[in-house]
Engineer: 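The structure's right below; bear with me while I get my questions together.
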Amino acid sequence: ISAPACTINSVTLTAEGAGQVASTICTDAAGNCATASLTVQIDKTAPALNMPSLASSYTLGNSALLTFDATDTLSQLASFSATLNGNPVSSGSTVTLNQLGANTFTLTATDFAGNTATRTQQFTVTYAFGGFLPPLTASSQPVFHLGSVIPVKFELFDANGATISTAVAHLSLQKFYEDEPLGSPVE
């Protein structure tokens, strides 16, 4: 006696969500029928990412509290990671911002269905400008003779008020008339 041949109808499920039922009917050569079903979940949606609240700019040495998370209600999270400038960080950690210029926070999560979400947020870390020192000050409008060498001095600070003495300055000169720039800056 050989096993009966059975043709199974194909089933296509396209709706997303839990509790999706795939059913089919098997009919053998003698006309006998049997039904079978399987309950599955279909997850096409990447995890939801909640980024930390970051300002667009910070002063060197400031601290930032990094609070973030990711959720996936259908398949749950398989992995979840965050980095600041390529270094791993944990939610709830406070970091000291000591990298001048552009900084990047990246959050990535993958669910058990293989869907991945990644978001990045950039911010800048700068020095605090303490103002110009004599002979150039904000409250004065000194007059200099054509061809004179003008010493340009200013102060830079970190978030704790410590003077920065190792910065390299690139200055340009811009002529203004009634608060509007005239011409191009001179490097």
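What you see is a predicted model; the values in this text were computed from it and never measured. For the single chain, residues carry numbers from 1 onward in sequence order.
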Engineer: Which pairs would a plain distance check flag for residues 57-67, meaning a side-chain donor or acceptor within less than 3.5 Å of a matching protein atom at least two apart in sequence or in another chain?
Structural biologist:
{"residue": "Y58", "atom": "OH", "partner": "A55", "partner atom": "N", "Å": "2.9"}
{"residue": "N62", "atom": "OD1", "partner": "T59", "partner atom": "N", "Å": "2.9"}

Engineer: Please list, chain by chain and in numerical order, all residues satisfying side-chain contact (heavy atoms from CB on, under 4.5 Å) with Q174, sequence neighbours excluded.
Structural biologist: F176, P181, P185

Engineer: Do any N or O atoms from the side chain of N103 and from the backbone of G101 form a donor-acceptor pair under 3.5 angstrom?
Structural biologist: yes

Engineer: Can you list everything that forms a side-chain contact (heavy atoms from CB on, under 4.5 Å) with A48? Sequence neighbours excluded, please.
Structural biologist: T71

Engineer: Output all residues satisfying side chain to side chain donor-acceptor pair (under 3.5 Å) with Q121, sequence neighbours left out; order by chain, then residue number.
Structural biologist: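 Q121 satisfies side chain to side chain donor-acceptor pair (under 3.5 Å) with no residue once adjacent residues are dropped.
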
Engineer: Closer than 3.5 angstrom, by distance alone: can the side chain of Q41 be matched with the main-chain N or O of L74 as a donor-acceptor pair?
Structural biologist: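 Such a contact is found between Q41 side chain and L74 backbone.
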
Engineer: Say you draw a straight line from CG of N85 to OG1 of T104; how long is it, rounded to the nearest 0.5 Å?
Structural biologist: 6.0 Å

Engineer: With sequence neighbours left out, what residues match E16 under side chain to side chain donor-acceptor pair (under 3.5 Å)?
Structural biologist: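 So E16 forms a side chain to side chain donor-acceptor pair (under 3.5 Å) with T45.
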
Engineer: Can you list everything that forms a side chain to side chain donor-acceptor pair (under 3.5 Å) with T110? Sequence neighbours excluded, please.
Structural biologist: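 Here the qualifying residues are T116.
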
Engineer: First locate atom CD of Q99, then atom OG1 of T124, and finally report the distance between them rounded to the nearest 0.5 Å.
Structural biologist: 11.0 Å

Engineer: Side chains of S23 and T35: closer than 4.5 Å at any heavy-atom pair?
Structural biologist: no

Engineer: Looking at every heavy atom in both A109 and A70, which two are closest together, and how far apart are they?
Structural biologist: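 Closest pair (atom of A109, atom of A70, distance): CB-CB, 3.7 Å.
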
Engineer: Report yes if the side chains of T163 and F157 come closer than 4.5 Å at any heavy-atom pair, otherwise no.
Structural biologist: yes

Engineer: Would you find a donor on one side and an acceptor on the other, under 3.5 Å apart, between the side chain of D158 and the backbone of N160?
Structural biologist: yes

Engineer: In Å, rounded to the nearest 0.5 Å, how long is the span from NE2 of H145 to CD1 of I150?
Structural biologist: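 Going from NE2 on H145 over to CD1 on I150, the span is 11.0 Å.
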
Engineer: Would you please name every residue forming a side-chain contact (heavy atoms from CB on, under 4.5 Å) with T39, sequence neighbours left out?
Structural biologist: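 If we apply the side-chain contact (heavy atoms from CB on, under 4.5 Å) test to T39, skipping adjacent residues, the hits are V21.
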
Engineer: Restricting to side chain to side chain donor-acceptor pair (under 3.5 Å), what partner residues turn up for S53, sequence neighbours left out?
Structural biologist: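 S53: no side chain to side chain donor-acceptor pair (under 3.5 Å) contacts found.
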
Engineer: With no hydrogens and no angle check, just 3.5 Å: does a side-chain donor-acceptor pair link S75 and D43?
Structural biologist: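 The answer is yes; a qualifying pair exists.
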
Engineer: Let me check something: any side-chain donor-acceptor pairs from residues 87-98 under 3.5 Å, sequence neighbours excluded? List them with distances.
Structural biologist:
{"residue": "S91", "atom": "OG", "partner": "F68", "partner atom": "N", "Å": "3.0"}
{"residue": "S91", "atom": "OG", "partner": "F68", "partner atom": "O", "Å": "2.8"}
{"residue": "S93", "atom": "OG", "partner": "S90", "partner atom": "O", "Å": "2.6"}

Engineer: Please indicate whether K153 has more than 12 foreign heavy atoms, meaning atoms of other residues, nucleotides or ligands, lying under 6.0 Å from its NZ.
Structural biologist: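 Not more than 12 within 6.0 Å, no.
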
Engineer: With sequence neighbours excluded, tell me which residues meet ring-ring contact (aromatic ring centres under 6.0 Å, His included) with F112.
Structural biologist: none

Engineer: Atom OG in S81, atom CG in L107: separation rounded to 0.5 Å?
Structural biologist: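 It is 7.5 Å, given to the nearest 0.5 Å.
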
Engineer: Let me have the donor-acceptor pairs involving side chains of residues 166-173, under 3.5 Å, with sequence neighbours excluded, atom names and distances please.
Structural biologist:
none

Engineer: With sequence neighbours left out, write down each residue that passes ring-ring contact (aromatic ring centres under 6.0 Å, His included) with F132, or none if nothing qualifies.
Structural biologist: F129

Engineer: Would you check if F144 and P135 make a side-chain contact, meaning some heavy-atom pair closer than 4.5 Å?
Structural biologist: yes

Engineer: If hydrophobic clusters are built from ILVMFWY residues whose side chains come within less than 4.5 Å, do L100 and F154 share one?
Structural biologist: yes

